[in-house]
Amino acid sequence: MKTKIKIYLIAIFFSLTIADAQDVELLSPQKQDILHQQQNKYEAENEKLRNNWIAPLNLGASYSYDKSANGNHSDTKKVSASINQDIFRSGGIIYQISYADAKKRADAIELKQEIANLNEELFSALLNYKKSRYELKQSGKKLDNYDIEIFIKCQLYDVGKADITELNNALMDKSGEQKTYASLEYEIAKERLEIAKLSDIDPDNFPLYSFDLVQEDAYLQNNFEVRYARAQSQTYEEQYNVTKSSYLPAVAVNADAGYLKYDPKELYEGYDGNFYTAGVSINIPLTYNASAAKEEAKALYLKQSADAADRARNAKASYAQSLELIESYRRYIDISLKNIVLYDELIETTKAGVDAGSKTGYDLQTLKNTKAIEEYTIKINEINIQLELAKLHFALNTNREIK
């Protein structure tokens with residue numbers, strides 16, 4: 001009982017892990033590290049942009065020695081701290097913070113999409129690996145049938161009931177299938193390598209998750225391409241606001257405080273003590289290219305808004321295309337299922353003929369091989385459907401935080 005529960009929990013773990021497009025656990029440690037460092041970069045960049053309006057506190061120290069033409073000399077020592085801080089930029093400070101936050105949201109979506117793309121590559125490779133193994137077995141059954149056909153053609157040719165063309169065609173067909181078999185062996189090796197590039201999992205023992213069809217409204221609402229384009233549109237809108245505000249009046253406060261020691265040596269008017277200054281300034285920029293710069297930022301924002309609408313349109317068309325492709329694979333499966341029913345009947349009839357001596361065992365084996373070929377066709381098309389469903393699944397932003 002405990003063993004069954006353990007297996008069940010493992011199955012749930014894999015389902016939850018694979019069902020989320022933002023999971024990184026199945027990727028290689030190196031891939032995970034790259035993605036985590038990318039996230040750290042985005043977070044640091046956000047903090048930098050949010051605080052970009054805060055002016056630096058300038059610390060300074062100096063010493064100078066001066067000797068005049070009349071022989072007098074003096075030295076000066078100074079330690080100070082100064083700042084020139086904007087307190088009003090016609091809304092620019094708020095726009096700067098809003099821009100930083102909008103960019104962070106866009107960057108987060110982009111990172112999640114990158115993770116989802118890596119997961120899609122991994123699961124596509126796993127599914128294609130499994131598909132190629134089925135195709136290899138299917139090709140083996142075809143070769144078995146060609147061997148039977150060639151044996152029969154040789155027997156008929158020897159007794160003059162078949163010409164060399166028929167035998168040659170059978171040999172050529174087998175040669176073509178042997179090349180297909182060799183290509184599939186290479187394809188399997190290549191897919192194992194693709195999996196190894198992305199993950200440390202063993203494709204022969206990994207339990208593949210079965211993807212469900214994503215509903216159209218969820219697909220269009222949460223599609224990565226659409227979400228990212230909209231987030232980018234908002235980012236450019238905030239950037240446009242920052243650009244506009246940079247050509248409007250700004251108010252700043254300035255302050256300078258420190259310690260000064262001035263020793264004129266031969267004279268008595270020296271100074272040894274603290275000092276400070278404070279003030280307010282207003283800046284009204286009059287820039288020749290201000291209008292062009294604002295129009296450029298506005299055009300970029302409007303272009304991105306149009307791009308978001310275009311991506312939503314493309315997502316709708318892509319979803320419809322996937323549905324048509326899935327439906328075509330299902331039709332192939334239906335055809336194979338009907339063929340299997342017919343082969344079952346033929347196998348039963350032929351088996352009776354073999355038992356009665358009116359049919360050969362080669363006829364029975366050929367039918368069994370052909371039935372197996374159809375069964376593999378069903379498995380292959382089921383994987384084709386899963387490949388298409390996985391593509392839809394990993395195109396979605398599930399809004400889960402990255403660990």
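Just so you know, residue 1 is the first one in the sequence shown, and it goes up from there.
A donor-acceptor contact shorter than 3.5 Å links the side chain of Y319 to the backbone of V214. Remark: side-chain polar atoms of S98 are not paired, donor with acceptor, to backbone N or O of E238 under 3.5 angstrom. S305 places no side-chain N or O within donor-acceptor distance of the main-chain N or O of S233, the cut-off being under 3.5 Å. In this structure, Q96 contributes its side chain and L49 its backbone to a donor-acceptor pair below 3.5 Å. One N or O on the side chain of S358 and one on the backbone of G353 form a donor-acceptor pair closer than 3.5 Å. Panel note: side chain S328, backbone L325; a donor-acceptor pair is recorded below 3.5 Å. Not one N or O on the side chain of D33 forms a donor-acceptor pair closer than 3.5 Å with the backbone of P29. In this structure a side-chain-to-backbone donor-acceptor pair under 3.5 Å is missing from E120 to F394. Without hydrogens or angle criteria, S132 side chain to N128 main chain gives a donor-acceptor distance under 3.5 Å. The backbone N or O of Q113 sits less than 3.5 Å from a side-chain atom of N117, completing a donor-acceptor pair.
In this structure, E185 and L136 have side chains that are in contact, with non-hydrogen atoms separated by less than 4.5 Å. Counting only heavy atoms from C-beta outward, the side chains of N254 and I83 never approach each other to under 4.5 Å. The side-chain heavy atoms of E43 and N46, taken from C-beta on, include no pair separated by under 4.5 Å. Residues N241 and Y99 form no side-chain contact, since every pair of their non-hydrogen atoms from C-beta on lies 4.5 Å or further apart. The closest side-chain heavy-atom distance from L337 to V341 is not below 4.5 Å. Using a 4.5 Å heavy-atom threshold, the side chains of D363 and V354 count as separate. At a threshold of 4.5 Å between non-hydrogen side-chain atoms, the residues Y157 and D163 do not count as touching. Contact annotation: the side chain of V24 approaches that of H36 to within less than 4.5 Å [non-hydrogen atoms, C-beta and beyond].
Distance NZ/K294 to OG/S246: 8.5 Å, rounded to 0.5 Å. Distance check: E149 CD to N169 CG gives 9.0 Å after rounding to the nearest 0.5 Å. In this structure, CG in D344 is found 10.5 Å from CG in L367, a value given to the nearest 0.5 Å. Once rounded to the nearest 0.5 Å, the distance linking CD1 of I326 with CD1 of I385 reads 7.0 Å. Taken from CD in E327 to OH in Y332, the straight-line distance is 11.5 Å, to the nearest 0.5 Å. Atom CD of residue E47 and atom CG of residue N52 lie 12.0 Å apart, to the nearest 0.5 angstrom.
A 6.0 Å sphere centred on OH of Y63 holds more than 12 heavy atoms belonging to other residues, nucleotides or ligands. Annotation: E166, atom CD; neighbour count of heavy atoms from other residues, nucleotides and ligands within 6.0 Å is above 12. At most 12 heavy atoms of other shown residues, nucleotides or ligands fall within 6.0 angstrom of atom OH in Y276. Atom NZ of K244 has more than 12 heavy atoms from other residues, nucleotides or ligands within 6.0 Å.
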query: Passes side-chain contact (heavy atoms from CB on, under 4.5 Å), D256 versus S80? Steps please.
result: CA-CA 7 Å; D256 188 8; S80 66; 3.7 Å; yes
message: Assess the residue pair L198 and S28 against the criterion (side-chain contact (heavy atoms from CB on, under 4.5 Å)); give the C-alpha distance rounded to whole Å, side-chain angles, the decisive distance to 0.1 Å, and a yes or no.
response: CA-CA 6 Å; L198 296 166; S28 68; over 6 Å; no
message: Go through it in stages, so that I can follow the logic: the residues are Q215 and Y219, the test is side chain to side chain donor-acceptor pair (under 3.5 Å), and I'd like the CA-CA distance, side-chain angles, deciding distance and then a yes or no.
response: CA-CA 6 Å; Q215 295 303 310; Y219 181 80; over 6 Å; no
- request: Go through the steps for I94 and I97 under the test side-chain contact (heavy atoms from CB on, under 4.5 Å), then give the verdict.
  value: CA-CA 5 Å; I94 295 175; I97 295 172; 5.9 Å; no
- prompt: So L35 and L118, side-chain contact (heavy atoms from CB on, under 4.5 Å) or not? Walk me through it.
  reply: CA-CA 11 Å; L35 294 167; L118 288 170; 3.9 Å; yes
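Taking the centre and axis of the six-membered ring of Y146, the NZ or CZ atom of K142 falls outside the cone set by 45° and 6.0 Å.
L220 and A312 make their closest contact through CD2-O, 4.3 Å (heavy atoms, listed as atom of the first residue, atom of the second, distance). When all heavy atoms are compared, the tightest approach of L27 to N119 is CD2-OD1, 4.1 Å. Across all non-hydrogen atoms, the minimal contact from I109 to R227 is CD1-O, 3.8 Å. Taking all atoms of both residues into account, the shortest heavy-atom contact from I195 to L126 is CD1-CD2, 3.7 Å. Nearest heavy atom pair, residue L364 against residue K351, reads CD1-N, 4.1 Å. Closest approach of F211 to L389, counting heavy atoms only: O-CD1, 3.1 Å.
When the options R50, K104, K103 are evaluated for a salt bridge (charged side-chain N to carboxylate O under 4.0 Å, His left out) with E45, the one that passes is K103.
At a cut-off of 3.5 Å, with distance as the only test, a side-chain donor of N369 or Q365 sits close to an acceptor on the other residue. There is no side-chain donor-acceptor pair under 3.5 Å between Y181 and E177. Residues S139 and T180 have side chains that never bring a donor and an acceptor to within less than 3.5 angstrom of each other.
Note on residues 122-136: pairs passing salt bridge (charged side-chain N to carboxylate O under 4.0 Å, His left out), not counting sequence neighbours, are R133-D204.
Taking the charged nitrogens against the carboxylate oxygens, R311 and D307 do have a contact shorter than 4.0 Å, which makes a salt bridge. The residues E388 and K391 are annotated as salt-bridged, a charged nitrogen and a carboxylate oxygen being separated by less than 4.0 angstrom. Comment: K197 engages E194 in a salt bridge, judged by a side-chain N to carboxylate O separation of less than 4.0 angstrom. A salt bridge links E216 with K316: at least one charged nitrogen is closer than 4.0 Å to a carboxylate oxygen.
Annotation: salt bridge (Lys or Arg N to Asp or Glu O under 4.0 Å) contacts of K368 (sequence neighbours excluded): none.
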